Amino acid sequence: MAIGPGLRPQLLLLEAHEGLGASMAPQLASMGYVLRWTPHLPEFLKMQVDLHPQVLLVELERGEVGPSAQDLTALLQTRDEGTPLVLISARNDLSARLQSVRTGCDIYLPYPVNLEVLANRLDAFLDPPPREPERVLVVEDSPVQANYLGGILREAGMEASLLTDPEQALNRLGEFKPDLILMDLYMPQCTGIELAAAIRMDPTYMGIPIVFLSSELERSTQLEALGRGADDFLTKPIRPQHLVSSIRIRAERTRLIRAQMSRDSLTGLRNHSAMKFRLEEEWLRAQRGETPFAFAIVDIDHFKQVNDTYGHPFGDQVLQSLSRLFQRRLRRSDIVGRLGGEEFGILFTGTTLKAAFPIIEGLRADFANLQHLSPKGPTLSTFSAGIVAGNAAFSAPGEIWESADRALYQAKAGGRNRVYVG
């Protein structure tokens, strides 16, 4: 359920205990959400019809699994199709979670409610990233069979690279970077089992799923293939729908694992290694004269003092708030990562330094005015940044990083809460 530009998603809460809505509303407002609430089910049902909120939240009676079946039935009957349902409960056991699944719950949050977790989950529901087509390398010595499989995959919206010479597999893997390899078992040059084992010898390709598609029915041969590096064995003939579903499930799981490995666990942003890799990619494009870019390093001011004064959990909250600000204000094509501690990196792709500077300056001003609810009351925080143009004048991507870092320290020395150009 996408939200139009400039609009703030509305959340509607049925609270079981007075005070939950009032305590949640300010922090949710700082995250870009409008929360309305009521303790009365009839009013809640009426507000659904009148307001058409983007998300429904229900606080369950503390100590109970949930509201009555009759209440939940009435709530679900009035819910607009596709509207996420969030249940908030004092229980965190499996039976409570199972019952929440049976009631049609999309998000289950135990007390105390972590609003950063809630906001991140809602962002994924309301503004999901565009789906990238799955990339499948088909290794099949028969051109006719390869084209047939490629046609099925492309018809399903996937990208398929067809390889009839298995000896070129490693070269094609490096060029195409597939999410999955679909491979024949018997080929003239080598068997699929041998090729799978050879591919697995390269650590770069250890995580790519290999799926065999063959008419081989001998179970011992299938088990040998699985033991030598394959992830699945599909038997011919196979229905196109079954083939597509099997590949999509495997490829999606691979993407999730890759994302987890390249993401910072606290903020969900790219980690230090992933940012270095993407900076190198952008620098190579600049060397070829394809597109300009700018690179900024951001550091929260006096962050040790924030942790010492308010505690590390609040410091984590500030880090998450800044990461959410980046994610909401920057383009999907821009690349944001947490470099470590309170330091972040931003790659403004296809953007000149002149165009990127006012963007980072606007982010600085917005963050400086963003209230954070600390244990001692509302407080403010700021960041400093250094930004450079990632042009071909730099002989290596590391020089770009160092230049942005020097500009950041100049901004710190100049008084903090400012952006300097390197």
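Because the structure is a prediction, the values reported are computed rather than measured.
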>> Closer than 3.5 angstrom, by distance alone: can the side chain of E15 be matched with the main-chain N or O of G21 as a donor-acceptor pair?
In response: yes
>> Looking at K46 and D50, is there a salt bridge between them, counting it only when a charged N and a carboxylate O are closer than 4.0 Å?
In response: yes
> With no hydrogens and no angle check, is any side-chain donor or acceptor of R329 less than 3.5 Å from a backbone partner on G362?
Replying inline: no
> Distance-only, no hydrogens or angles: does the W283 side chain make a donor-acceptor pair with backbone N or O of S395 under 3.5 Å?
Replying inline: no
> Just by modelled atom types, is the E159 backbone N or O under 3.5 Å from a matching donor or acceptor in the R154 side chain?
Replying inline: no
> Do we see a donor-acceptor contact under 3.5 Å between the side chains of D301 and T382?
Replying inline: yes
> Going through the distances and angles, do T267 and Q320 end up as a side-chain hydrogen bond (donor to acceptor under 3.5 Å, both in side chains)?
Replying inline: CA-CA 5 Å; T267 63; Q320 290 170 325; over 6 Å; no
> So, the side chain of S403 versus the backbone of I400: is there a donor-acceptor pair under 3.5 Å, distance only?
Replying inline: no
> Considering only heavy atoms from C-beta outward, does the side chain of L137 approach that of L163 to under 4.5 Å?
Replying inline: yes
>> Between P397 and L279, is there a side-chain heavy-atom distance shorter than 4.5 Å?
In response: yes
> Going by atom types only, do S95 and D93 share a side-chain donor-acceptor pair under 3.5 Å?
Replying inline: yes
> How about F295 and F348: are their ring centroids closer than 6.0 Å?
Replying inline: no
> Can you tell me how far OG of S381 sits from CG of N369, rounded to the nearest 0.5 angstrom?
Replying inline: 12.0 Å
>> Before you tell me yes or no, could you show the steps for D141 and D184 under side chain to side chain contact (heavy atoms under 4.5 Å, CB included), namely the whole-Å CA-CA distance, both residues' side-chain angles and the distance that decides it to 0.1 Å?
In response: CA-CA 8 Å; D141 64 289; D184 189 15; 3.3 Å; yes
>> What verdict does the side-chain hydrogen bond (donor to acceptor under 3.5 Å, both in side chains) test give for T204 and D202, after you've listed the backbone C-alpha separation in whole Å, the side-chain angles of each residue and the deciding distance to 0.1 Å?
In response: CA-CA 5 Å; T204 307; D202 189 332; 3.0 Å; yes
> Any side-chain heavy atom of L60 within less than 4.5 Å of one from L87?
Replying inline: yes
> Distance from R270 atom CZ to L347 atom CG, nearest 0.5 Å?
Replying inline: 9.0 Å
>> Could you go through Y108 and S89, starting from their C-alpha distance and side-chain angles, then the distance that decides it, and tell me whether this counts as side-chain hydrogen bond (donor to acceptor under 3.5 Å, both in side chains)?
In response: CA-CA 8 Å; Y108 187 90; S89 173; 3.2 Å; yes
> Is there a donor-acceptor pair closer than 3.5 Å between any side-chain N or O of S23 and the backbone N or O of L20?
Replying inline: yes
> Do you know which two heavy atoms are closest between A389 and F394, and how far apart they sit?
Replying inline: O-CE1, 3.1 Å
> Going through the checks in order, is the side chain to side chain contact (heavy atoms under 4.5 Å, CB included) test met by T349 and E282?
Replying inline: CA-CA 7 Å; T349 62; E282 292 303 312; 3.8 Å; yes
> For the side chain of S374 and the backbone of Y310, is there at least one donor-acceptor N/O pair under 3.5 Å apart?
Replying inline: no
> Does the R248 side chain pair with the main chain of A251, one donor and one acceptor, at a distance under 3.5 Å?
Replying inline: no
> Is there a side-chain contact between Y111 and I88 (heavy atoms, below 4.5 Å)?
Replying inline: yes
>> Using side-chain heavy atoms (C-beta onward) and a distance below 4.5 Å, is W401 in contact with I297?
In response: yes
>> Tell me if the centroids of the rings in F367 and H372 come within less than 6.0 Å of each other.
In response: yes
>> Tell me whether D179 contacts the main-chain N or O of R135 through its side chain, where contact means a donor paired with an acceptor under 3.5 Å.
In response: yes
> Got more than 12 heavy atoms from elsewhere within 6.0 Å of CZ, R288?
Replying inline: yes
> What distance do L170 atom CG and E175 atom CD have between them, rounded to the nearest 0.5 Å?
Replying inline: 11.0 Å
> Is there a side chain to side chain contact (heavy atoms under 4.5 Å, CB included) between L234 and F212 once you walk through the steps?
Replying inline: CA-CA 6 Å; L234 304 178; F212 281 112; over 6 Å; no
> Do you know the tightest heavy-atom contact between A385 and V298?
Replying inline: CB-CG2, 3.9 Å
>> What's the separation between atom CH2 in W37 and atom CG in L35, rounded to the nearest 0.5 Å?
In response: 6.0 Å
> Given side chains that start at C-beta, do those of M183 and V138 come closer than 4.5 Å, heavy atoms only?
Replying inline: no
> Can you tell me how far CD1 of I346 sits from CD1 of I359, rounded to the nearest 0.5 angstrom?
Replying inline: 9.5 Å
>> Nearest 0.5 Å, please: how far is CG in L325 from CZ in F383?
In response: 7.0 Å
>> If you count heavy atoms of other groups shown closer than 6.0 angstrom to CD of E399, is the number above 12?
In response: yes
> How far apart are the closest heavy atoms of T291 and G350, and which atoms are they?
Replying inline: CB-CA, 4.3 Å
> Would you call Y205 and I181 a side-chain contact if the rule is heavy atoms closer than 4.5 Å?
Replying inline: no
>> Run D123 and R328 through salt bridge (Lys or Arg N to Asp or Glu O under 4.0 Å) and show every step you take.
In response: CA-CA 9 Å; D123 285 347; R328 295 182 73 89; 3.3 Å; yes
>> How about CD on Q189, more than 12 heavy atoms from neighbouring residues, nucleotides or ligands closer than 6.0 Å, or not?
In response: yes
> Looking at A404 and V388, what are the two nearest heavy atoms and their distance?
Replying inline: N-CG1, 3.7 Å
>> Could you walk me through whether V336 and M275 satisfy the side chain to side chain contact (heavy atoms under 4.5 Å, CB included) test, starting with their C-alpha distance in whole Å, then the side-chain angles of each, then the deciding distance to 0.1 Å, before giving a yes or no?
In response: CA-CA 8 Å; V336 190; M275 285 300 295; 5.9 Å; no
> Of the options I152, L243, L149, V244, which is the one that meets I238 in a side-chain contact (heavy atoms from CB on, under 4.5 Å)?
Replying inline: L243
> Between S321 (side chain) and L319 (backbone), is there a donor-acceptor pair under 3.5 Å?
Replying inline: no
> Heavy atoms, side chains only, cut-off 4.5 Å: are Q327 and L269 in contact?
Replying inline: yes
